[in-house]
S.K.: 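Below: one structure in structure tokens.
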Amino acid sequence: MGRGDPLSAAVTAQTNQASRRRCLHLLAAGSASALLPASWPASRAAAQGALDWCASDGTFTQPLYVPGTEGWLGRLDVGPAPIAIRASARDEKLAFEVAAGNRTFANPTLVAAAGASVRVGLVNALAEPTIVHWHGLTMDTRNDGNGETLIAPGERYDYAFEMRNRAGLYWYHPHPHGTTARQIYRGLFGLIEVTDDDERMVRKALDLTPGSTELTLVLQDRRVGDGDRYAPAPEDELLGWYGCQPHVNGILRPYHDVAARRYRLRVLNASNARTYRLAFRRDDATALAFILIGTDGGLLERGLRCEQVLLSPAERVDLLVDFAGMAKSDFVVLESRAFDPMHAVPATSVVRSDETATGHGHRAAGAAPASLADGSAFDVMQFRIRATQSGSSPALPERLSRMPPLVAPSGDERPLRLGFAKGQWRINDRVYDRQATPIEVARDASETWLLRNYHTSAPHAMHLHGFQFRVLERETSPDQLAPLAIDARGRLTTDLGFKDTVLVWPGESVRIAIDFRLPYAGSQIYLLHCHNLEHEDAGMMLRVKVG
Ligand code: C2O
Ligand code: CU
Ligand code: CU
């Protein structure tokens, strides 16, 4: 791999040759080749027979893949010229390929300034319909890519929109209803980094450089082996597809060499179903506290010190971890701590009669031989302190950004019940129906929604297209959230920022405020759905008409 491939010549010298050979798998597919991490293709699996991949631990043996200015997840500045994206397949692997000048990308990280005009031409080179949705961005229906307009194989769709969001980490992924989970799992997703003055101020004050002291981490648990296939059993379709091996930027449990200073980590949970309870652990097993500086919709007003943070599918956290004062041989592990997954689906709804159907708290462990139980503890990656640095890290600016004040609700609270009935996950007892619009919001309204999850349910990562909302309150939260709550309203640190996805636990009610001011003429259709991709594909999604 790597050496002697047609694309190698085009790869500039700034990329480390050795690490590129180790980390990237080059797929020769004509001019638009895709670069994917080596651990994705089942090359090793094939060589080893690939039977017991979950037993092979592969802990901290491979370096973290850090995206550069080309290749997989490479940073691509969004300029005035349109970007041509090709959704392409190579065996089980899918990628969004882009050629820009003499650089080629797979799933580029689109870097755009707030206010920029973005033009993207998406060509579907897959053998099935697809469409791209811009997760977290303020968008009209025409550009939202909500799956109600699909592009057939060989066809093209042109997007043109203004970047209206605050600085933050957003992402893009396909949204063809019913096959969203499979397309994302097979590799179709990318990041969007929006920058603005606050962002520049924070980077300057903290001396942060993207790709070096500022790292983007994409978490995804995968079932390696069996050709890396997405083949959910009925239990997976019900509970979600849980992989057995935690990957960061496509690498199984990697390590990363760092200096004894502060780092910024911008984390996306791109997993189909898994929630992470992220924390840092030192050599002596004590926790290393960190500072949360941003959430789905960008920077918080002020940094918040925490010891752990929950990250459900599609959520993002922006955090600072400080290795200052550590010695050259110290290690810090980013871990996911144990929690009760609270899958309380009635046993009768599980088709298979094996150990998953025990009636209480289904653990996904039984769902397939190749899965790591939801809620179990595992290590995500390791930081190795390899260089010491004198002095302490620069002080955090008092104010990171300005968050507009909450707008008073213009009407009654809107209740949305999350639950399971007649074999399906539902919102207000309904499933997705293209012909129906159960939620209608008046133009420029400001609403309070009460997301109430039944006790006999599962955690649902509720996502709304097109708008960033605020979490006002959590009620009747499960006991395990108590150590994470930071105010009398039961909110967690991540609830204090702008959100587009919020995890609602069984028995819990979460009250959110949404400012529906619409910068577009005419009414628009958005979607509200669970971002557990199996729940979404099975119909846990409603249309929302605004204006
Ligand atoms: Cu990540 Cu409907 O979206
Ligand atoms: Cu979305
Ligand atoms: Cu769900």
Side-chain angles (χ1 to χ4, degrees), residues 130-141 143-150 161 165 168-181 183-185 188-192 218 220 236-242 268-275 296-297 312-316 341-345 349 362 364 374 416-421 424-427 431-432 451-454 456-469 498-506 508 510 514 524-544:
T130 194
I131 192 73
V132 165
H133 164 62
W134 314 95
H135 182 121
L137 298 188
T138 304
M139 209 57 87
D140 57 337
T141 304
N143 285 290
D144 187 53
N146 64 15
E148 296 189 346
T149 302
L150 296 174
F161 56 86
N165 290 67
L169 185 70
Y170 305 89
W171 64 305
Y172 58 97
H173 61 74
H175 218 292
H177 185 56
T179 52
T180 297
Q183 290 191 5
I184 295 178
Y185 183 76
L188 291 181
F189 58 81
L191 300 163
I192 304 165
V218 179
Q220 198 187 37
D236 302 322
E237 279 169 354
L238 181 70
L239 301 173
W241 171 261
Y242 292 91
L268 161 69
N269 181 358
S271 309
N272 284 40
R274 184 177 300 278
T275 290
D296 303 346
S312 70
E315 284 189 296
R316 287 87 70 205
M342 301 187 77
H343 297 165
V345 187
S349 57
H362 294 300
D374 186 23
L416 292 152
R417 299 178 311 273
L418 317 176
F420 188 85
Q424 282 181 283
W425 294 109
R426 291 164 186 269
I427 305 170
V431 292
Y432 177 62
L451 302 164
R452 296 182 58 190
N453 200 354
Y454 283 105
T456 49
S457 186
H460 296 294
M462 299 308 295
H463 168 55
L464 176 67
H465 285 211
F467 299 87
Q468 292 286 332
F469 53 80
F498 275 103
K499 297 292 296 167
D500 55 51
T501 308
V502 66
L503 184 61
V504 187
W505 293 85
E508 190 180 36
V510 178
I514 315 163
Q524 306 291 325
I525 295 290
Y526 296 100
L527 296 175
L528 167 73
H529 63 84
C530 178
H531 222 288
N532 173 317
L533 298 177
E534 284 68 36
H535 293 183
E536 173 185 348
D537 271 345
M540 193 177 182
M541 178 159 89
L542 298 184
R543 300 172 94 226
V544 180

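No hydrogens, no waters, no symmetry mates; every other heavy atom, side chains included, goes into these values. Remember, it's 1-based here, ligands and their atoms both numbered in the order they're listed.
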S.K.: For His535, what is the atom name of its N, O or S atom nearest to the Cu ion (ligand 3)?
M.R.: ND1
S.K.: Strictly under 2.8 Å, is atom 2 (Cu) of ligand 1 approached by any N, O or S atom of His463?
M.R.: no
S.K.: Regarding Thr501 and Glu315, is there a side-chain donor-to-acceptor distance under 3.5 Å anywhere?
M.R.: no
S.K.: Under 3.5 Å, side chain of Asp236 to main-chain N/O of Tyr242, donor-acceptor pair present?
M.R.: no
S.K.: Check His460 and report its N/O/S atom nearest to the Cu ion (ligand 3), by atom name.
M.R.: ND1
S.K.: Is a side-chain donor or acceptor of Asn143 paired with a backbone partner of Phe161 at a separation under 3.5 angstrom?
M.R.: no
S.K.: Tell me the angle that NE2 of His173 and NE2 of His531 form around atom 1 (Cu) of ligand 1, rounded to 10°.
M.R.: 110°
S.K.: Do His465 and His175 get their side chains close enough for a donor-acceptor pair, meaning under 3.5 Å?
M.R.: yes
S.K.: What angle, in degrees and rounded to 10°, do you get at atom 2 (Cu) of ligand 1 when you join it to NE2 of His175 and to NE2 of His465?
M.R.: 100°
S.K.: Checking only N/O/S atoms, does His135 have one that is under 2.8 Å from atom 1 (Cu) of ligand 1?
M.R.: yes
S.K.: Can a donor-acceptor pair be found, under 3.5 Å and without considering hydrogens, that links the side chain of Asp500 to the backbone of Gly297?
M.R.: no
